[in-house]
> 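Following this message is one structure expressed as structure tokens.
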2 protein chains.
Amino acid sequence: MHTETDRDDAAARLRAAGLKVTAPRLAVLDAVSGHGHLDAEAVLSRVTVALPGTSLQSVYNVLGALTDAGLLRRIEPAESPALYESRTGDNHHHVVCTRCHAVADVDCVVGEPPCLAPSDAAGFAIHTAEVTFWGLCADCQRELAG
Amino acid sequence: MHTETDRDDAAARLRAAGLKVTAPRLAVLDAVSGHGHLDAEAVLSRVTVALPGTSLQSVYNVLGALTDAGLLRRIEPAESPALYESRTGDNHHHVVCTRCHAVADVDCVVGEPPCLAPSDAAGFAIHTAEVTFWGLCADCQRELAG
DNA sequence: CAGTTGTTTTGAGTAATTCAAAACAACTCC
DNA sequence: GGAGTTGTTTTGAATTACTCAAAACAACTG
């Protein structure tokens, strides 16, 4: 499901970010890529398949390094542990289910990033606008209706 | 700084919410009202002045009850513990300082609440849009410039 | 003012994450 | 291609913010 080239790409991106290329980093990158929004535990269980023996602490280290490097994005919705996703650089937003905490992406609401600018910002120099929508996901709507 | 009437109002609002009127609840309400965005520890230290011996656990209980009742609003910005404010019901937003975590209010950006509606919401039935701006507060701008 | 029910306290427990030091592996340079 | 340096991973412990549970207590009801 993932090619030789994928791994080379990942290695190149790590190097470009000034990070050493290591097995745990490749494994984490692969675990998160295209798999939605994962917390550290979920990343660990995916990583463990490819690289048994990896510690949770390493997963935290790697997730932190990759996030700082801009290769992953971290979101922290209320009531959830930190979640990581591979879609970076486009300032998209999120919908979170108030019942089961499922998360989905939402494209930028008002044109280009940063999407929104407050009129009065209390003297803050703003660089990011983060939008979180809250609602019921399709599954939970169904369960509550049924 | 707070009148007899303030306390009566607070008691009335508690009763209206179906909650018993107790000293810790009045003290917490008073501690949070008009004092920005406080975490549980900060609430405790303010409460302790008026009501020594109050436990942190009680502060958590009270903050939870008051939030559920809609008398307080809870926000949970990334990297900060939960913060409580007395301004409820107007769906205003927040700016958070990326350096010192100071928080300020921002009025609703695009007209009336809920302010925003995503075009595609991945099947979610959305009821709230939460906006968090990130930037440098005035103090931190000054310190970095100086 | 006695009873009931909800609240507060005390004390312990948990989840998610961070800190620190030692073992180890990737890249650099010869 | 092997030694050295530096960054990474592991192991183990600690911390923060918060929740759970049971007993002591206080607010409202009649």
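Order of the sequence lines fixes the chain letters, A, B, ..., with proteins taken first and strands second; residue numbering starts at 1 for each chain.
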> Rounded to whole angstrom units, what separation is found between the NE2 atom of A:H101 and the P atom of C:dA16?
12 Å
> Let's go through A:S45 and A:T48 carefully: what are the C-alpha distance in whole Å and the side-chain angles of both, what is the deciding distance for side-chain hydrogen bond (donor to acceptor under 3.5 Å, both in side chains) to 0.1 Å, and is it a yes or a no?
CA-CA 5 Å; A:S45 47; A:T48 295; over 6 Å; no
> Among A:R73, A:H101, A:E85, A:R74, which one satisfies side chain to side chain donor-acceptor pair (under 3.5 Å) with A:H37?
A:E85
> Aromatic contact between B:H92 and B:H94, with the criterion being ring centroids under 6.0 Å apart: yes or no?
yes
> Between CG of B:L71 and CG of B:L19, what distance do you get to the nearest 0.5 Å?
7.0 Å
> Does the protein touch nucleotides 16-24 of chain D at the base, only the backbone, or not at all? Give it as B, S and - per nucleotide, heavy atoms under 4.0 Å.
-SBBB----
> SG/A:C140 to CZ/B:F124 distance, rounded to the nearest 0.5 angstrom?
8.5 Å
> Looking at B:D30 and B:R13, is any side-chain nitrogen of the basic one under 4.0 Å from a carboxylate oxygen of the acidic one?
no
> Please report, rounded to the nearest Å, how far the C1' atom of C:dC27 is from the CZ atom of A:R25.
12 Å
> Give every residue pair that meets the salt bridge (charged side-chain N to carboxylate O under 4.0 Å, His left out) criterion with at least one member in residues 132-146 of chain B, sequence neighbours excluded.
B:R99-B:E143, B:D139-B:R142
> May I ask you to decide whether A:D107 forms a salt bridge with A:R87, counting only side-chain N to carboxylate O separations under 4.0 Å?
yes
> Taking CG from A:L26 and P from C:dA25, how many angstroms apart are they, rounded to a whole number?
16 Å
> What pairs with A:E130 under salt bridge (charged side-chain N to carboxylate O under 4.0 Å, His left out), at least two apart in sequence or on another chain?
none
> For the atom pair CG (A:D90) and NE2 (A:H93), what is the distance rounded to the nearest 0.5 Å?
9.0 Å
> So which protein nitrogen or oxygen atoms get under 3.5 Å of nucleotides 28-30 of chain C's nitrogens or oxygens?
none

> Counting only side-chain N and O atoms of A:S58, is one of them less than 4.0 Å from OP1 or OP2 of D:dT9?
no
> So which one's nearest nucleotide on DNA chain C is more toward 5', B:E79 or B:V62?
B:V62
> Looking at DNA chain D, which of residues 13-24 of chain B put a heavy atom within less than 4.0 Å of it?
B:R15, B:K20, B:V21
> Identify every side-chain donor-acceptor pair in residues 20-27 of chain B under 3.5 Å, counting partners at least two apart or on other chains, and give the distances.
| residue | atom | partner | partner atom | Å |
| --- | --- | --- | --- | --- |
| B:T22 | OG1 | B:R25 | N | 3.3 |
| B:R25 | NH1 | B:K20 | O | 3.0 |

